[in-house]
Peer 1: 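What follows is a structure written as structure tokens; I'll ask about it next.
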2 protein chains.
Amino acid sequence: MPTDKNIELTISDGHASAPPKAAKKILDVAYDLFYRRGIRAIGVDEIVKRAGVTKPSLYRSFPSKDELAASYLRQYDLEYWERFDEAVAAHPGDPRAQIKAFLTRIGKRTQVADYRGCGMTNAAVEYPDHSHPARVVSEANKQELRRRLRAMAVEMGAQDPDTLGDGLLLLIEGAYISGQLFGLGGPAQAVSRNADLLIEASLKK
Amino acid sequence: MPTDKNIELTISDGHASAPPKAAKKILDVAYDLFYRRGIRAIGVDEIVKRAGVTKPSLYRSFPSKDELAASYLRQYDLEYWERFDEAVAAHPGDPRAQIKAFLTRIGKRTQVADYRGCGMTNAAVEYPDHSHPARVVSEANKQELRRRLRAMAVEMGAQDPDTLGDGLLLLIEGAYISGQLFGLGGPAQAVSRNADLLIEASLKK
DNA sequence: ATGTATACGTACCGATCGGTAACATTGTCA
DNA sequence: TGACAATGTTACCGATCGGTACGTATACAT
């Protein structure tokens with residue numbers, strides 16, 4: 001869900017002036033529609049209609065639909081790391097518990113009807129072209145996720161931290177995808193358990 | 001890559017007559033374009049152009065673009081289980097080796113530039129609506145994958161076979177997705193190693 | 001009150017979307 | 001050669017796509 005924080009960081013780059021109010025409504029609506037139904041599936045007409053604004057307003061705040069999609073993902077990115085940091089902050093100095101908290105949360109999120117997975121992952125699937133503005137944001141987010149997981153694997157004292165970090169990433173991505181593929185009762189509910197088994201098997205003896 | 005086998009099973013349902021030749025060219029081209037660039041990203045005009053046929057020919061063989069996409073996935077499904085069964089047949093009676101062979105193959109496939117992941121997974125991301133013809137095929141394929149993996153986990157003598165089977169599925173889906181997200185050197189290359197660790201940790205002692 | 005800038009709306013653009021009607025042409029087998 | 005099925009040709013449909021030219025309203029400062 002979109003929040004109101006840091007909107008000005010994502011919609012209008014550069015100049016520090018306050019953004020038009022229409023831009024916030026547009027981004028909020030675009031966030032919701034892009035996430036739930038996909039970026040390619042949503043036209044700008046539907047966005048402006050649901051936002052109660054007009055098309056020129058959209059194009060005054062965003063240079064193109066592709067850039068609006070990138071802005072949506074930048075907002076998604078902010079909220080993603082907020083959730084991640086919450087799990088980390090809940091267990092200071094205990095990376096294994098941090099991971100477990102994050103994965104338990106993911107496992108729970110996937111167990112709702114019409115779960116739509118990770119907006120970053122979905123956007124990358126929709127736009128295979130690496131130069132697409134939305135994909136650039138998506139790839140950066142995933143690189144950062146990999147970096148953090150590998151760092152936590154080091155902290156945990158894994159025998160091969162890169163392998164464990166990557167294994168955790170695979171489980172996480174698998175949970176995002178299978179969550180939207182299987183719905184309730186799908187494999188994603190087992191992500192935390194499997195991660196725990198994998199971590200246990202990967203620690204130095 | 002599309003093969004020529006079993007085309008008649010996927011393009012025209014019901015009557016057992018040989019399919020028109022244009023239909024095969026159309027399906028081959030659609031297979032390639034849908035897989036590499038996405039279903040929503042490709043218009044029927046581009047398909048018929050690349051296939052060297054005309055639009056009416058497409059709509060004589062396929063009732064709609066959505067059904068053509070479903071036919072593409074049915075073909076994908078056939079080839080998917082061919083690859084799976086190859087890995088199984090290579091190690092009779094040894095499910096752990098079967099899994100390892102299948103995952104090693106996936107790990108290798110992901111390590112090429114512009115890898116595009118699993119066509120089934122991608123289609124599900126593109127079409128969140130569960131009633132979409134393409135998604136119906138995709139979900140059936142994934143259900144079958146889950147069934148097989150859980151059955152193999154039983155054969156392997158896992159303590160909790162459902163959890164292990166689901167864990168393997170998560171790793172596999174993670175490999176598909178991260179393969180296209182990270183490109184060369186990504187986490188997907190560690191899928192076989194992590195699966196092996198997970199299996200080892202999941203067996204009855 | 002009046003200028004000035006900024007935000008917004010009406011109406012429109014060409015291109016492309018998926019899909020079709022009507023008819024001409026081809027290849028094949030009897 | 002006749003007959004039939006498959007394909008091609010051309011032109012078209014309404015809807016939607018992303019995007020814009022241009023006029024209007026509103027706010028604020030002087």
Side-chain angles (χ1 to χ4, degrees), chain A residues 7-8 11-30 33-34 37-73 123 126-127 129 131-135, chain B residues 7-8 11-30 33-34 37-73 123 126-127 129 131-135:
Chain A
I7 293 284
E8 65 277 5
I11 50 171
S12 207
D13 42 348
H15 58 70
S17 71
K21 290 134 201 168
K24 178 191 175 317
K25 285 193 291 185
I26 291 166
L27 186 57
D28 282 355
V29 170
L33 292 177
F34 283 163
R37 308 198 358 224
I39 300 171
R40 295 199 113 113
I42 298 295
V44 292
D45 290 281
E46 184 163 359
I47 293 172
V48 298
K49 188 178 176 184
R50 302 267 273 251
V53 300
T54 57
K55 228 179 332 181
S57 279
L58 191 159
Y59 283 97
R60 272 176 221 118
S61 299
F62 306 91
S64 66
K65 185 202 173 183
D66 288 344
E67 282 300 328
L68 173 59
S71 291
Y72 143 58
L73 289 181
E126 286 199 89
Y127 295 100
D129 181 356
S131 68
H132 190 285
R135 181 159 186 135
Chain B
I7 292 284
E8 65 277 6
I11 50 172
S12 207
D13 41 348
H15 57 70
S17 70
K21 290 135 201 167
K24 179 191 174 319
K25 285 193 291 184
I26 291 166
L27 186 57
D28 282 355
V29 169
L33 292 177
F34 282 164
R37 307 198 359 224
I39 299 172
R40 295 198 112 114
I42 298 295
V44 291
D45 291 282
E46 184 163 359
I47 293 173
V48 299
K49 188 178 177 186
R50 302 266 274 249
V53 300
T54 56
K55 226 177 338 177
S57 277
L58 191 158
Y59 284 98
R60 278 180 209 116
S61 299
F62 305 92
S64 67
K65 184 201 174 184
D66 288 346
E67 282 300 328
L68 173 59
S71 292
Y72 143 59
L73 290 181
E126 285 199 88
Y127 294 100
D129 181 356
S131 68
H132 191 284
R135 180 159 188 137

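What you see below is based on every heavy atom in this structure, not just the backbone, and it leaves out hydrogens, waters and symmetry mates. Residue numbers begin at 1 in each chain, while the letters A, B, ... track the order of the sequences.
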Peer 1: Salt bridge check: are A:E126 and B:R37 linked by an N-O gap of less than 4.0 Å?
Peer 2: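 A salt bridge is absent here (no side-chain N lies under 4.0 Å from a carboxylate O).
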
Peer 1: Could you please name the option among D:dT7, D:dT9, C:dC8 that lies closest to any side-chain atom of B:A22?
Peer 2: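 Of all the options, the side chain of B:A22 is nearest to D:dT7.
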
Peer 1: Round to the nearest Å and state the distance from A:I26 atom CD1 to C:dC8 atom C1'.
Peer 2: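 In whole Å, C:dC8 C1' lies 11 Å from A:I26 CD1.
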
Peer 1: Can you name the ring-ring contact (aromatic ring centres under 6.0 Å, His included) partners of A:Y72, sequence neighbours left out?
Peer 2: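 If we apply the ring-ring contact (aromatic ring centres under 6.0 Å, His included) test to A:Y72, skipping adjacent residues, the hits are A:Y31, A:F34.
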
Peer 1: Would you mind reading off the distance between A:K65 atom NZ and C:dT16 atom C1', rounded to a whole angstrom?
Peer 2: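 For the pair A:K65 NZ and C:dT16 C1', the rounded distance is 14 Å.
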
Peer 1: Would you mind reading off the distance between A:F62 atom CZ and C:dA7 atom P, rounded to a whole angstrom?
Peer 2: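 Checked: the CZ to P distance equals 13 Å.
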
Peer 1: Are OP1 or OP2 of D:dG8 and a side-chain N or O of B:S57 less than 4.0 angstrom apart?
Peer 2: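 Answer yes for this pair, as a side-chain N or O of B:S57 is under 4.0 Å from OP1 or OP2.
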
Peer 1: For residues 45-52 of chain A, which residues have at least one heavy atom under 4.0 Å from DNA chain C?
Peer 2: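 Going residue by residue through residues 45-52 of chain A, none turns out to have a heavy atom under 4.0 Å of DNA chain C.
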
Peer 1: Reading nucleotides 21-30 of chain C from the 5' end, what letters show protein touch, with B for base, S for backbone sugar-phosphate only, - for no heavy atom under 4.0 Å?
Peer 2: B---------

Peer 1: Ignoring backbone atoms, establish whether B:Y59 has a side-chain N or O less than 4.0 Å from OP1 or OP2 of C:dG19.
Peer 2: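 B:Y59 to C:dG19 OP1/OP2: side-chain N or O found under 4.0 Å.
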
Peer 1: Can you identify which nucleotide, out of C:dG9, D:dG19, C:dG18, has its nearest atom closest to the B:V44 side chain?
Peer 2: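 Nucleotide nearest to B:V44's side chain: C:dG18.
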
Peer 1: Does A:K55 place a side-chain N or O at less than 4.0 Å from the phosphate oxygens OP1/OP2 of D:dG19?
Peer 2: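 Checking A:K55 against D:dG19: no side-chain N or O falls below 4.0 Å of OP1 or OP2.
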
Peer 1: From CG of A:L58 over to P of D:dG19, roughly how many Å is that when rounded to an integer?
Peer 2: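 Nearest whole value for this atom pair: 9 Å.
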
Peer 1: Any salt bridge (Lys or Arg N to Asp or Glu O under 4.0 Å) involving residues 59-68 of chain A? Give me the pairs, sequence neighbours left out, ordered by first then second residue.
Peer 2: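 Passing the test, one end in residues 59-68 of chain A: A:E67-A:R74.
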
Peer 1: The criterion is ring-ring contact (aromatic ring centres under 6.0 Å, His included); which residues satisfy it with B:Y59, sequence neighbours excluded?
Peer 2: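 Listed in chain order: nothing, the list is empty.
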
Peer 1: Determine the contact category for A:L68: base if any of its heavy atoms lies under 4.0 Å from a base atom, sugar-phosphate if only primed atoms, P, OP1 or OP2 are that close, otherwise nothing.
Peer 2: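 Contact class for A:L68: none.
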
Peer 1: Using the closest heavy atom to pick a nucleotide of DNA chain D for each, name whichever of A:I42 or B:V53 lands nearer the 5' end.
Peer 2: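 The 5'-side residue here is B:V53.
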
Peer 1: What pairs with A:K55 under side chain to side chain donor-acceptor pair (under 3.5 Å), at least two apart in sequence or on another chain?
Peer 2: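 With neighbours one apart ignored, the set is A:D45.
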
